[in-house]
Amino acid sequence: DGGITQSPKYLFRKEGQNVTLSCEQNLNHDAMYWYRQDPGQGLRLIYYSQIVNDFQKGDIAEGYSVSREKKESFPLTVTSAQKNPTAFYLCASSIDRWGNQPQHFGDGTRLSIL
Amino acid sequence: QKEVEQNSGPLSVPEGAIASLNCTYSDRGSQSFFWYRQYSGKSPELIMFIYSNGDKEDGRFTAQLNKASQYVSLLIRDSQPSDSATYLCAVNKNTGFQKLVFGTGTRLLVSP
C-alpha cells in the first residue's frame, strides 16, 4: 500500500528539548515537504527537498532542521530554539519537483508543549 | 494583500444544492491550482487540480480557472453532509520549483 507515513501521531515536548518527527514515503517521489498548520491558518512551508541530499528553507525555517539522506525519508527536528512549536505538522511528497503535479499528505503529527 | 485569499465561511448549503467555493490569487505567473479537502483534525486530501483556463469536471466536482481575473473556484454538485469540511485552495507559484501557497480555507457546512 503506497503512501506517506508520519509518526508519531501525537508528540509532547518539554522545555529545552529537541524532538524529531518522522516522515517516510514509498511512492518513489523525488520531492518532499514539511508544513506547519496553526488553528484557522493555512499551511506554511518549513522546509522542502527536491532530491536526496539536498534541502532548502521554506518560509518559516527558524527553529527547525531536516535531513534527506534517503529518498524515502525526510525527518523534521523541532529544536528548543522554536519558541512556539505547538501546531499540526504535515509532511507531503510530490513526484514532480518542479512543476505541476499535486502534493500528497501524510496523516500529520500534533505537537504540544508540556 | 494575501497571496491566496479565500472566504473563511462558513458557507452553509442544504443537501442536494450546489456549493460554490472561491479563491483569488495575486501572482499572475502562477501555473497550477489545487483544491484540497480537510476534515476537522485530519490532513488535507487532494480533490482536484487545474492548469488551463476553463472548467475541469470530475464526478460531482468542477474546478474553474480564470487566469485573467486571477480566480479559481470549486463547484460541488448535489452536496452531501459528508462534504462538510474545510476546502483549501493552493497555488503553485512560478518559481522554478514547486512551491504551493495555501489559502486559509473555506468551511463548508451541508445540512440534511
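Letters A, B, ... are given to chains in the order of the sequence lines, protein chains preceding strands, and every chain is numbered from 1. The shown structure was predicted, so the numbers you read here are calculated from the model rather than taken from an experiment.
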Between [X] and [Y], is there shared hydrophobic-cluster membership here, with clusters defined by ILVMFWY side-chain heavy atoms closer than 4.5 Å?
X: B/F49; Y: B/I76; value: no
X: B/V91; Y: B/F34; value: no
X: B/V101; Y: B/V72; value: yes
X: A/Y33; Y: B/W35; value: no
X: A/L21; Y: A/L90; value: no

I'd like to verify something: which residue of A/H104, A/Q6, A/R110 has the highest number of heavy-atom pairs under 4.5 Å with chain B?
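Most heavy-atom pairs under 4.5 Å with chain B: A/R110.
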Measuring heavy-atom distances to chain B, does A/L43 have an atom under 4.5 Å in its side chain, in its backbone, in both, or in neither?
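Contact with chain B involves both backbone and side-chain atoms of A/L43.
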Where on A/R44 is there a heavy atom nearer than 4.5 Å to chain B: the side chain, the backbone, both, or neither?
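For A/R44, no heavy atom lies under 4.5 Å from chain B.
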Looking only at heavy atoms, which two atoms of B/Q38 and A/F88 are closest? And how far apart?
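Closest approach of B/Q38 to A/F88: NE2-CE2, 4.1 Å.
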Which heavy atom in B/Y51 sits nearest to a heavy atom in A/Q101, and how many Å separate them?
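So the minimum-distance heavy-atom pair works out to OH-NE2, 3.8 Å.
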In Å and rounded to the nearest 0.5 Å, what is the OH to NZ distance from A/Y48 to B/K99?
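Rounded to the nearest 0.5 Å, the OH-NZ separation comes out at 7.5 Å.
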Can you find a pair of side-chain heavy atoms, one from [X] and one from [Y], that are under 4.5 Å apart?
X: A/L45; Y: B/F102; result: no
X: A/D107; Y: B/K42; result: no
X: B/L46; Y: A/Q103; result: no

Donor-acceptor under 3.5 Å (B/T104 side chain, A/G42 main chain):
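Such a contact is absent between B/T104 side chain and A/G42 backbone.
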Does B/R107, at its CZ atom, have more than 12 non-hydrogen atoms belonging to other residues, nucleotides or ligands within less than 6.0 Å?
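No, CZ of B/R107 has 12 or fewer neighbouring heavy atoms, counting only those of other groups under 6.0 Å.
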For B/I18, look at atom CD1 and say whether over 12 heavy atoms of other residues, nucleotides or ligands are found less than 6.0 Å away.
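For B/I18, atom CD1 is not crowded (no more than 12 foreign heavy atoms under 6.0 Å).
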Would you mind checking which part of B/Y36 comes under 4.5 Å of any heavy atom in chain A, side chain (CB onward), backbone (N, CA, C, O), both or neither?
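Only the side chain of B/Y36 comes within 4.5 Å of chain A.
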